[in-house]
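One structure is given here, and the rest of the page talks about it.
We name chains A, B, ... by the order of the sequence lines, and we start the count at 1 in each one. What you see is a predicted model; the values in this text were computed from it and never measured. Note: hydrogens, waters and symmetry copies are ignored here, and every other heavy atom, side chains too, is used.
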Number of protein chains: 2
Amino acid sequence: MSQAFRLKQSIEDAVIAGEFLPGDRLDEASLAERFGVSRTPIREALLQLGAEGFIDVRPRRGAIVSVPSPTRLFEMFETMAEIESACGRLAARRLTPDNDAAMETAHRACEIAAREGDSEQYYADNRNFHEAIYRASRNSFLADQAFALHKRLSAYRRIQLRARNRLLQSLQEHAGILEAIRAGDEQLAATRLHDHVLVQGERFSDMVLGLAGDRRSDASSRSGTAK
Amino acid sequence: MSQAFRLKQSIEDAVIAGEFLPGDRLDEASLAERFGVSRTPIREALLQLGAEGFIDVRPRRGAIVSVPSPTRLFEMFETMAEIESACGRLAARRLTPDNDAAMETAHRACEIAAREGDSEQYYADNRNFHEAIYRASRNSFLADQAFALHKRLSAYRRIQLRARNRLLQSLQEHAGILEAIRAGDEQLAATRLHDHVLVQGERFSDMVLGLAGDRRSDASSRSGTAK
DNA sequence: CATATATGAATTGTATGCAAGATTAGAAAT
DNA sequence: ATTTCTAATCTTGCATACAATTCATATATG
C-alpha cells in the first residue's frame, strides 16, 4: 500500500503516544529522514491529519500538534459527551446479544484492571468498552465519528485516569451504563453516558484552567470565542 | 495563500454544486489541467477531502465522489439528527439575545422563500437557519462538526426540497423548533430537531431504496424515533 | 462462446529541484 | 539596553521526472 497512508498512521500513533506533545513542530524534513522517505509522502500524511483536525497545518508555516485552548477542549469533551450519549441511546434501543456480549467482555476486563489498580491497562480496556458501545449503536457512521473524536481526545483523557479513585468510580459508572442499556432505557443510558464523559472533561478542563488562566465559559456567561 | 487549500475549496464547491456526481472519477491530470496547476497541489487537495470523508480516495485507484449505500446514507442522516438535536438542546439551555435574533432573521427569510415556493432560495435560507442553531449551541466545536456533516449531506438534501408541500411543512417544523428553544425546553427542542432532520433522511432513503434494492434493515425500519 | 492470459496504455506514488515566503541573527541607530 | 532594519538561512509550496501499479484491449486457449 502507499506509504502516505502508513505514514499518516505512524505519525498519528506517535502523537497519541505522546511522543510529540501539543505545540510541537512537525517538520517535514526531519520526519522524512526519520522514516526514510522523501518529503512528498510526509506532506501528504500531514495534510490528511490536518484535515481530520488531529494536527494544525498553517499554510507556509508548517504543522504543529494542535493546542486546543481550555475552552476549545471543554467544547470537545462536551461534544464527545453528546455523541456518546447518542450511541448509548441507540444501543439501548437496538441491543443485540452479540453487542451485549462484547460490552460484557470489555466490562469484565475493566473490572480486573481496576481491581489491580493498573491504570495503563484500564486505559486500554476502557477504550474497548467505549468502542463496544459505539458499535452497539448499530450505526457505523456514528460509531466512526465517535471513534475519531475519542482518538483525538485520548492524549487528554489518559492523564487523569492516574488517580486510583477515579478508576473505581469510572468502573461503577460503566456498570450503571450497561444496566441502563440492557434495560432498554434510552433516556437513562444517554444521561449516564453523558455524565460519565463530561465528568472527565470537567476534571481535565479544571486542571488545565489552573495552569492556563483561561475561563471555561460553558453554560454560563457569554463565552468570548465567537466564531 | 497556498494553492492546495484554494483547490480543496474549489473542488468541494464543484462537488456540492453537483458538477461531479457521486461515483464520478476525480482524475488528477484533468483537474490539474482545468485549474492550470500541476498534479501536486491537486493531490494534496484530494487527500484532504478524502480525510474529511467528502470523497473516496482509494490508494492506487484514484479518487471518486463518495457513493454511500442507502444504509450508510440513512446512518449519516441519523447521525445528523443526533448532532442537530444536541445543538438544539444546548441552544435551549444557553440562548442569548444575539443568537435568538439570528435565528429569527433566518426563519423570516425561510418564510418568504416558502411562501413564494422558491425552493432554490429556501434551500439557501434553510441552511442559514440550521447554521444559526448550530451557533446558538455556543459550542463552536460541535457547531463545526454539524456544519461539516451538513455540507456532506447537502447533495442529498437538496433533491427532496423540490416538493412544495415539503417546503411549507419544513417551515412549520422550524417554527416549532424555535418555539421550543425559546421556551428553554431542552427535551422538546431536541426531539423536534431530531424528527425534523430524520424525516428528510427517511424520505430520501426510501427514494434511494426504490432504485437500489439495498436493505436498510439493521438501522431503522419501523419508524419509531421513539423518545 | 466463454474464460484466461499477456501486453501496452493510462494513472497513481514518490523523489528531486527550484522558487517564494517565513524565521532568525546581526548590525546600526536611538 | 532596546528597537529596527537588513540580510542570510531555513522551510514550505509547486513543478517536473521517473518508477510502480492498475486498467483496458486484444490474443490465445479450452
(request) Write down the distance between CD (Glu28(A)) and P (dC10(D)), rounded to a whole number of angstrom. (result) 16 Å
(request) Could you tell me whether the phosphate oxygens of dA15(C), OP1 or OP2, come under 4.0 Å of any side-chain nitrogen or oxygen in Arg39(A)? (result) no
(request) Find the distance Lys8(A):NZ to dT14(C):P and express it as a whole number of Å. (result) 14 Å
(request) Heavy atoms only: give me the nearest Leu47(B)-Gln48(A) pair and the separation to one decimal. (result) O-CG, 3.7 Å
(message) What is the separation between atom CD1 on Ile64(B) and atom P on dC23(D), rounded to the nearest whole Å?
(response) 12 Å
(message) Please give me the minimum heavy-atom distance between Glu75(B) and Ser140(A), naming the atom from each residue.
(response) OE1-OG, 2.7 Å
(request) Taking only the side-chain heavy atoms of Glu44(B) (C-beta and beyond), determine which of dC14(D), dT11(C), dT12(D) contains the nearest atom. (result) dC14(D)
(request) Could you tell me the separation between the CG atom of Leu46(A) and the P atom of dT11(D), rounded to a whole number of Å? (result) 14 Å
(message) Between P on dA22(C) and CG on Asp27(A), what's the gap in Å once rounded to a whole number?
(response) 17 Å
(request) Taking only the side-chain nitrogens and oxygens of Arg6(B), find out if one of them lies under 4.0 Å from OP1 or OP2 of dG13(D). (result) no
(request) For Gly36(B) and for Arg25(B), locate the closest nucleotide of DNA chain D by heavy-atom distance; then report the residue assigned to the nucleotide nearer the 5' terminus. (result) Gly36(B)
(request) Figure out the CZ/C1' separation between Arg43(B) and dA17(D), and round it to whole Å. (result) 15 Å
(request) Mind calculating the distance between CD1 (Ile55(A)) and C1' (dT12(D)) to the nearest angstrom? (result) 14 Å
(request) Search all heavy atoms of Lys151(A) against all heavy atoms of Phe54(A) and return the closest pair with its distance. (result) O-CZ, 4.0 Å
(request) Give a yes-or-no answer on whether the side chains of Glu84(B) and His194(B) include a donor-acceptor pair shorter than 3.5 Å. (result) no
(request) Answer yes or no: side-chain N or O of Arg60(B) and base N or O of dT22(D) forming a donor-acceptor pair under 3.5 Å. (result) no
(request) Verify the contact: side-chain N or O of Arg61(A) to OP1 or OP2 of dT12(D), cut-off strictly under 4.0 Å; return yes or no. (result) no
(request) Rounded off to whole Å, could you give me the CZ-to-C1' distance for the Arg58(A) and dT11(D) pair? (result) 12 Å
(request) Fit a plane to each ring of Phe129(A) and His174(A), take the angle between them on a 0 to 90° scale, and name the class: parallel (under 30°), tilted (30 to 60°) or perpendicular (over 60°). (result) parallel
(request) Identify which nucleotide among dG13(D), dA15(D), dG13(C) has an atom closest to any side-chain atom of Val37(B), counting heavy atoms from C-beta outward. (result) dA15(D)
(message) Is the phosphate of dA15(D) approached by Ser38(B) (side-chain N or O, under 4.0 Å from OP1 or OP2)?
(response) yes
